[in-house]
Amino acid sequence: MRYNARGYQQRWWDTAQRAVARQLLPLVDWTQQNTRPDDVIASDGDPLLHLYTGRQVVPSARWAVETYPAAADTQTRLADLRELLATYNPRYLLLSNNKSPSAAATAVLRDGPQLRLQMLTTLSGGGAVFAAVPDATRE
């Protein structure tokens with residue numbers, strides 16, 4: 001009975017939702033302040049970002065059944081992110097934290113020999129914003 005009373009007092013039923021909101025709201029704030037309505041954005045918070053900003057948002061990682069139950073390795077994530085950037089040509093990539101599925105791939109594309117992402121800023125909660133550098137070979 002005490003356990004249930006404590007859970008009710010502390011609103012345990014929405015703990016997960018509050019944690020997700022704390023993680024993703026900095027992405028929403030940055031997007032509203034720094035992007036145009038017609039910008040395409042890639043993000044690990046794509047549904048919420050679209051819902052609250054109205055921007056066109058694509059996922060920053062591909063979710064494939066073959067990667068379960070283990071997470072995809074960095075090379076797979078890198079290939080997926082390269083394909084996403086080439087296919088959807090987002091202007092920005094927003095990640096909610098450094099544990100995002102695309103975090104390791106962004107480091108390679110940011111620091112590698114063929115730069116494809118330029119880090120713009122970090123966000124509260126550990127998130128980051130990258131500008132996608134257009135692929136010169138496609139123009």
Side-chain angles (χ1 to χ4, degrees):
M1 186 96 140
R2 275 184 253 172
Y3 176 82
N4 288 339
R6 190 170 9 141
Y8 184 76
Q9 288 172 337
Q10 296 179 10
R11 299 176 48 109
W12 286 352
W13 64 86
D14 69 353
T15 301
Q17 294 87 342
R18 283 185 279 140
V20 169
R22 271 192 305 275
Q23 197 67 45
L24 296 178
L25 286 178
L27 277 65
V28 171
D29 292 340
W30 189 91
T31 299
Q32 288 176 325
Q33 294 172 15
N34 298 284
T35 65
R36 298 183 308 243
D38 61 341
D39 284 340
V40 176
I41 299 166
S43 178
D44 58 356
D46 47 305
L48 185 127
L49 202 53
H50 172 71
L51 179 66
Y52 285 100
T53 68
R55 303 301 190 271
Q56 298 176 62
V57 186
V58 298
S60 61
R62 181 183 353 200
W63 301 103
V65 71
E66 59 269 8
T67 63
Y68 290 97
D73 60 27
T74 300
Q75 289 305 316
T76 301
R77 293 288 189 200
L78 180 57
D80 289 349
L81 186 56
R82 278 190 175 131
E83 182 180 351
L84 181 139
L85 292 171
T87 303
Y88 297 106
N89 199 27
R91 185 162 186 211
Y92 299 104
L93 169 66
L94 281 74
L95 299 180
S96 62
N97 64 62
N98 61 3
K99 291 179 177 45
S100 171
S102 299
T106 59
V108 172
L109 292 176
R110 183 190 68 216
D111 301 331
Q114 296 179 338
L115 300 179
R116 186 73 171 98
L117 295 172
Q118 176 185 5
M119 186 170 193
L120 298 178
T121 190
T122 57
L123 302 170
S124 63
V129 177
F130 300 87
V133 178
D135 185 353
T137 62
R138 294 185 69 210
E139 294 176 7

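Both L81 and V58 are members of a single hydrophobic cluster when ILVMFWY side chains are connected at heavy-atom separations under 4.5 Å. Both V28 and L120 are members of a single hydrophobic cluster when ILVMFWY side chains are connected at heavy-atom separations under 4.5 Å. Under the 4.5 Å side-chain heavy-atom criterion for Ile, Leu, Val, Met, Phe, Trp and Tyr, L48 and V129 are members of the same hydrophobic cluster. Cluster membership for L85 and Y88, using ILVMFWY side-chain heavy atoms within less than 4.5 angstrom, is shared.
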Run the side chain to side chain contact (heavy atoms under 4.5 Å, CB included) check on L27 and D44 step by step: do they pass? CA-CA 10 Å; L27 277 65; D44 58 356; 4.0 Å; yes

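Under the rule for a side chain to side chain contact (heavy atoms under 4.5 Å, CB included), the partners of N34 that lie at least two apart in sequence or sit in another chain are W30. With sequence neighbours left out, Q10 forms a side chain to side chain contact (heavy atoms under 4.5 Å, CB included) with R6, W12.
Here N97 contributes atom CG and T122 contributes atom OG1; the two are 12.5 Å apart, rounded to the nearest 0.5 Å. Note that CD of Q23 and CG of L95 are 10.5 Å apart. Values are rounded to the nearest 0.5 Å. Separating the CG atom in L93 from the CE atom in M119 is a distance of 10.5 Å, to the nearest 0.5 Å.
Residues L117 and A132 come closest through the heavy atom pair CD2-CA, 4.0 Å. Minimum heavy-atom separation, S124 to P26: OG-CG, 3.4 Å. L84 and A61 make their closest contact through CD1-N, 4.5 Å (heavy atoms, listed as atom of the first residue, atom of the second, distance).
Residues Y52 and L24 are not in side-chain contact: their nearest non-hydrogen atoms beyond the backbone lie 4.5 Å or more apart. Looking at heavy atoms from C-beta onward, L49 lies out of side-chain contact with R55 at the 4.5 angstrom threshold.
The main-chain N or O of M1 is never found under 3.5 Å from a side-chain atom of N4 such that the two would form a donor-acceptor pair.
Exactly one residue among I41, V57, T31 makes a side chain to side chain contact (heavy atoms under 4.5 Å, CB included) with H50. That residue is V57.
Inspection of the T35 and R91 side chains reveals no N or O donor paired with an N or O acceptor under 3.5 Å.
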